[in-house]
Protein chains: 2
Amino acid sequence: MRARIEDVARQAGVSTKTVSRVLNHEPNVREQTRERVLEVVRKLDYRPNPSARSLAANRSFLIALLYDNPSPNYVMEIQGGVLEACDAHQFSMMVRPLDSQAPDFVATVQSLIGQQRPDGLILTPPITDHPELLAHLDQLDLPYATVSSRIQGSIGVTMDETRAAAEITSHLVRLGHRRIAHVIGHPAHGGSELRLAGYRKAMAEAGIDVRSEWVVPGAFSFASGVAAARQLMALDSPPTAIFAANDDMAAGVIWATADAGWRVPQDLSVAGFDDTPISRQVWPAVSTVRQPSRDMGRIAALQLLRRIRHGEPGELVQVPYTLQLRDSTASCKRDA
Amino acid sequence: MRARIEDVARQAGVSTKTVSRVLNHEPNVREQTRERVLEVVRKLDYRPNPSARSLAANRSFLIALLYDNPSPNYVMEIQGGVLEACDAHQFSMMVRPLDSQAPDFVATVQSLIGQQRPDGLILTPPITDHPELLAHLDQLDLPYATVSSRIQGSIGVTMDETRAAAEITSHLVRLGHRRIAHVIGHPAHGGSELRLAGYRKAMAEAGIDVRSEWVVPGAFSFASGVAAARQLMALDSPPTAIFAANDDMAAGVIWATADAGWRVPQDLSVAGFDDTPISRQVWPAVSTVRQPSRDMGRIAALQLLRRIRHGEPGELVQVPYTLQLRDSTASCKRDA
DNA sequence: CTGAAAGCGCTTACAG
DNA sequence: CTGAAAGCGCTTACAG
């Protein structure tokens, strides 16, 4: 039979309330008492029953990670980070794939909250940018933290995507490229706008007029990268460099160029964003912006837990990015 | 305030025990009573408190998915399938990344079980093939289901990996290849042995002697595929085809050939295994064996839930595979 | 077919 | 600094 708090109390010669105090790091326990309790805990290998704890405390000690992201790599990284934070705070995590475009999206989340009763939520793109959901959560007074939200005012983690996008675009400019195209990300993701803005900013700073045919829509998927590249390669005066708003699309661009017999980087330079494994697994490897996704998951969860556990406000932490320059970008060899 | 079972009982004019019967689909409730209760449940939007339920029933209604797999794509697919099954049975799922090679691996799992108290476990490769862990679980009498276990006797899901590997090898033989190499998977994964056995079987049936230098160790990682390909390309008489035990390694092989200036499939045919996204995202796309991972996750969870919920024994279900032939394999153009 | 009572293992006021 | 009592919201025997 499993030890209960009562067993610990009896063997330590104290009340269950005192054991509870020790376990929950509450003040007002004599050091000697505390040590005696902890020793019995160890001896009996006592672990509090989570259900009893939740029921009595009226908290689930659970946070839910909500995602609707086509990239398994990204989701797994975030998930790993959130899990790390949860483990450190004796919380558990549940994961929830969702379709944020579905008409009953908010109702689905509501139902999930009603059933599992998480103490808080971690929101990832594009769920971070769903105003209706955020309004609903605020009204419920259910704490949440966001990862890379475009919307102001929530706690969590962010990165200066605009500046990062501008930097990698400037890198292409420095390599001598002027006809630089951009493949936009999925329209529902706030990051798409930010990265596009960074591209435009860098082009403007370089004094290059962005032709409208250089900016093509994408959807963050490999297939959309293939389609965009084909469209760009078919232009009368095709670009000498393409900056895709994520690595999956950059991989699609590379695939399409290989399929068309173009060489990267000789005929075309290609840059991505995110530094997911795919960027290293295509040939040539893609120059990209490293986003510390795992850290971002952990940090977002940490901010959420601060709020849940200690009632602190929590903050929006900005993490640094780094450029990863690889073989897919090189000096412009075609015309000036 | 949230509705409790007592509120439902009062408004329906029955006892809480009767409400409990209806909610848990127990027998011995008059149809009319049952309908009255369900109507009040709807009206009050009543959801049982999971903690109270778990505490009273002495079950967590939780299953844990244990993994130690380098492929995010694979894990996400399995996870999605398990989640589907859990949702259908009002169970929740927790995920647990582990290091199955760590010396304290069994202790870690034991601690996890002690803290979270799952009603059952889903094991994925290579955790499926850890005899010490399985023995421990059997002793604890904690139900588990396996995905692709090499070890006999557990419930869950499997695929005839040996036959699948033989089939894709035979495909290469039919294309005229005779110098066919194999890159083995990670030694801790049971699937590695099975796939190697399939390769050997097909080669034997084709009457081809497998030279020892054709069979090179790998680790299921992209990098190990690159290394293996370089080793094979350096042979005096290099193979005309390489069958890698998974897609990540096949992608690595393709990368290494491109890097060395070889053309696929003209200079070398390449085949993989799993049909993960990477197989379609490298150029040329890789011929591979489709493994229905998501279905496998769902089926394994379903067998586990049968056992947990209804005390049924559960079974080991075998799922079908399909060959996905793409552009990385072609007729042998080099010598006969 | 239905219900009253006890109990699951914790935490929460409250008292001292 | 410590404890006795009540209660969280369900299910489990048990009785009828």
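Residue numbers start from 1 in every chain, and the chains themselves are labelled A, B, ... in the order their sequence lines are given, proteins ahead of strands.
- Nucleotide D:dT12 holds its C1' atom 13 Å from the CZ atom of B:R59, rounded to whole Å.
- With hydrogens and angles ignored, a donor-acceptor pair closer than 3.5 Å exists between the side chain of A:R21 and the base of D:dT2.
- For B:E31 and A:P48, each mapped to the nucleotide of DNA chain C holding its nearest heavy atom, the one lying further toward the 5' end belongs to B:E31.
- For A:S15, no side-chain nitrogen or oxygen approaches OP1 or OP2 of D:dA4 to under 4.0 Å.
- Between A:N28 and D:dC1 there is a side-chain N or O to OP1 or OP2 distance below 4.0 Å.
- Straight-line distance from the CZ atom of A:R34 to the P atom of D:dG3: 16 Å, rounded to whole Å.
- Taking atom CD1 on A:I5 and atom C1' on D:dG3, their separation rounds to 13 Å, with Å as the unit.
- Within 4.0 Å of A:T33, counting heavy atoms only, lie sugar-phosphate atoms of the nucleic acid but no base atom.
- The nearest whole Å value for the distance from the CZ atom in A:R10 to the C1' atom in D:dG3 is 16 Å.
- A:K43 and A:D7 are not joined by a salt bridge, as no carboxylate oxygen comes within less than 4.0 angstrom of a charged side-chain nitrogen.
- In terms of heavy atoms, A:Q116 sits closest to A:R96 at NE2-NH1, 4.4 Å.
- Across the interface with DNA chain C, nearest-nucleotide mapping of A:L23 and B:R30 shows B:R30 to be the residue nearer the 5′ end.
- Under 4.0 angstrom from either OP1 or OP2 of C:dG3 there lies at least one side-chain N or O belonging to B:T18.
- In this structure, A:N58 reaches neither bases nor backbone, as no heavy-atom distance under 4.0 Å exists between it and the strands shown.
- A:L55 has its CG atom 12 Å from the P atom of C:dG9, to the nearest Å.
- Base pairing annotation: C:dC14 forms a Watson-Crick or G-U wobble pair with D:dG3, both donor-acceptor distances under 3.5 Å.
- For the residue pair A:S100 / A:D68, a side-chain donor-acceptor distance below 3.5 Å is found, with atom types taken as modelled.
- The separation between A:R4 atom CZ and C:dG7 atom P is 12 Å, rounded to whole Å.
- The CZ-P distance, from A:R36 to D:dC1, rounds to 14 Å in whole Å.
- Here A:Q318 contributes atom CD and A:M296 contributes atom CE; the two are 9.0 Å apart, rounded to the nearest 0.5 Å.
- Side-chain atoms of B:S149 and B:S154 form no donor-acceptor pair, as typed in the model, at a separation below 3.5 Å.
- Looking at the side chain of B:A56, the nearest of the listed nucleotides D:dG3, C:dA4, D:dC10 is D:dC10.
- Rounded to an integer number of Å, the gap from B:N49 CG to D:dG7 P is 18 Å.
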